[in-house]
Protein chains: 2
Amino acid sequence: MSNAKVLPLLEPADGQGAAPCCPPLTERPMTAAEAETAARMFKALGDPVRLRLFSAVASHEGGEACVCDISDVGVSQPTVSHHLKKLKEAGLLTSERRGTWVYYRIEPSVLAAMGKLLAMPAAAR
Amino acid sequence: MSNAKVLPLLEPADGQGAAPCCPPLTERPMTAAEAETAARMFKALGDPVRLRLFSAVASHEGGEACVCDISDVGVSQPTVSHHLKKLKEAGLLTSERRGTWVYYRIEPSVLAAMGKLLAMPAAAR
DNA sequence: CACCTGTATTGATGGGCGTCAACATAGACA
DNA sequence: TGTCTATGTTGACGCCCATCAATACAGGTG
């Protein structure tokens, strides 16, 4: 009932080459559909708490962290859980339960796709 | 009364080398203050209409466009104006009136700073 | 000056979102 | 089985935000 809402920014699956949803922002005006997709990712990172959680996971050893390792961000535990869910739904994190703990890890290809979106050609100015 | 709310993602001014507010997301957990700053930018791009407007400006010739060139995004004129203001307040765009028209242009250094935030070291996995 | 076009501001409205307390679920262990 | 810890879910509340119609402002042109 939960992973039906996951909306990946990437094309179905090309292995791991990170095929972005859209060309760089500077290449041509985005279409409405492209913007809809890409905005979901930016929106997911548009909250300070989520950004800290994401950074905590991304910078953790092996690109993965247990919730207990990263939940010290000044909000209640349910709120942490809520934000992690949002990041998961945005396709930025994946989660896996191992025994007592749940581990979150980053989706490197999505990070790369976002990076490409913001890539700036030398002709930008 | 308007540019008092502009909050740059960059350090005061280092010329144009784009000194980001924060290290890459993957380098270490962001502090609350860093996250607060960076989240404002992601949030600004977290709306489909704003993303299209930004992309339209960024991809326009010379990285600059008149409002009349980009306002065809399916919302009313006041809404377009509102979103452009938001992008300006986030430090992503600047505006300049030239005669009848107002031109918006991208802030390349900020785009670069965001790109660095998402940069992924080879050790990410 | 009056009038027109382009853009910004104001005020109102509806919906979405961040947050928490309370509760539910999952696994470990005795 | 019962209990403890770790994490997720539910429901409610308040606030922010995207949107529009109406209006205001700026600059050009007559």
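All chains are named by letter (A, B, ...) in the order of the sequence lines, taking the proteins before the strands, and each is independently numbered beginning at 1.
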Checklist entry - Under 4.0 Å between a side-chain N or O of A:Ser81 and OP1 or OP2 of D:dG8? => result yes
Checklist outcome for this item: Separation of C:dG18 atom C1' from A:Leu51 atom CG, nearest Å, is 15 Å
Checklist entry - Think B:Arg97 has a side-chain N or O under 4.0 angstrom from the OP1 or OP2 of C:dG6? => result no
Next on the checklist: How many whole angstroms separate atom NZ of A:Lys88 from atom C1' of D:dT9?
Outcome noted: 13 Å
Item to check | Considering all heavy atoms, the nearest A:Arg105-A:Val57 contact | outcome: CA-CG1, 3.8 Å
Checklist entry - Starting at the 5' end of DNA chain D and moving along, which residue's nearest nucleotide shows up first, B:Lys86 or B:Gln77? => result B:Lys86
Next on the checklist: Side-chain N or O of B:Lys43 versus OP1/OP2 of D:dC16: is the shortest distance under 4.0 Å?
Outcome noted: no
Checklist entry - Which part of the nucleic acid does B:Arg50 contact within heavy-atom distance under 4.0 Å: base, sugar-phosphate only, or nothing? => result sugar-phosphate
Checklist entry - Quick one: is B:His83 getting a side-chain N or O under 4.0 Å of the D:dT19 phosphate, OP1 or OP2? => result yes
Next on the checklist: I need the CG-C1' distance between B:Leu93 and C:dT7, as an integer number of Å.
Outcome noted: 15 Å
Checklist entry - Taking atom C1' of C:dG6 as reference, at what distance in whole Å does atom CZ of B:Arg98 sit? => result 15 Å
Checklist entry - Under 4.0 Å: is that the gap between some side-chain N or O of B:Thr79 and OP1 or OP2 of D:dT19? => result no
Checklist outcome for this item: Against the side chain of A:Val49, the closest entry in C:dT19, D:dT7, C:dT7 is C:dT19
Checklist entry - Is there a donor in the side chain of A:Lys88 and an acceptor in the side chain of A:Ser95, or the other way round, less than 3.5 Å apart? => result yes
Next on the checklist: OP1 or OP2 of D:dA6 versus the side-chain N and O atoms of A:Tyr104: is any pair under 4.0 Å?
Outcome noted: no
Item to check | A:Leu51 side chain reached by A:Asp47 side chain, heavy atoms, under 4.5 Å | outcome: no
Next on the checklist: Heavy atoms only, 4.0 Å cut-off, all strands: where does B:His82 land among base, sugar-phosphate and nothing?
Outcome noted: base
Checklist entry - What is the distance, rounded to the nearest whole Å, between atom CZ of B:Arg52 and atom C1' of D:dA18? => result 16 Å
Checklist entry - Once you round it to whole Å, what is the distance between P of D:dG8 and CG of A:Leu84? => result 7 Å
Item to check | First encountered from the 5' end of DNA chain C, between B:Trp101 and A:Gly99 | outcome: B:Trp101
Checklist entry - Would you say the side chain of B:Met30 lies within less than 4.5 Å of the side chain of B:Leu25, judging by non-hydrogen atoms? => result yes
Checklist entry - Does A:Tyr103 make a side-chain N or O approach to OP1 or OP2 of D:dA6 shorter than 4.0 Å? => result no
Item to check | B:Arg28 vs B:Pro23 side-chain heavy atoms within contact, under 4.5 Å | outcome: yes
Next on the checklist: Base, sugar-phosphate or nothing for B:Val80? Non-hydrogen atoms, less than 4.0 Å.
Outcome noted: nothing
Checklist entry - What integer distance in Å separates A:Glu36:CD from D:dA18:C1'? => result 13 Å
Next on the checklist: Do A:Cys22 and A:Leu117 have side chains that approach each other closer than 4.5 Å (heavy atoms only, starting at C-beta)?
Outcome noted: yes
Next on the checklist: Within the 4.0 Å heavy-atom criterion, would you say A:Thr100 contacts the bases, only the backbone, or no part of the nucleic acid?
Outcome noted: sugar-phosphate
Checklist outcome for this item: Whole-Å distance, B:Asp47 CG to C:dG16 C1', equals 12 Å
Checklist entry - Between D:dT19, C:dT7, D:dT9, which one does the side chain of A:Pro78 approach most closely? => result D:dT9
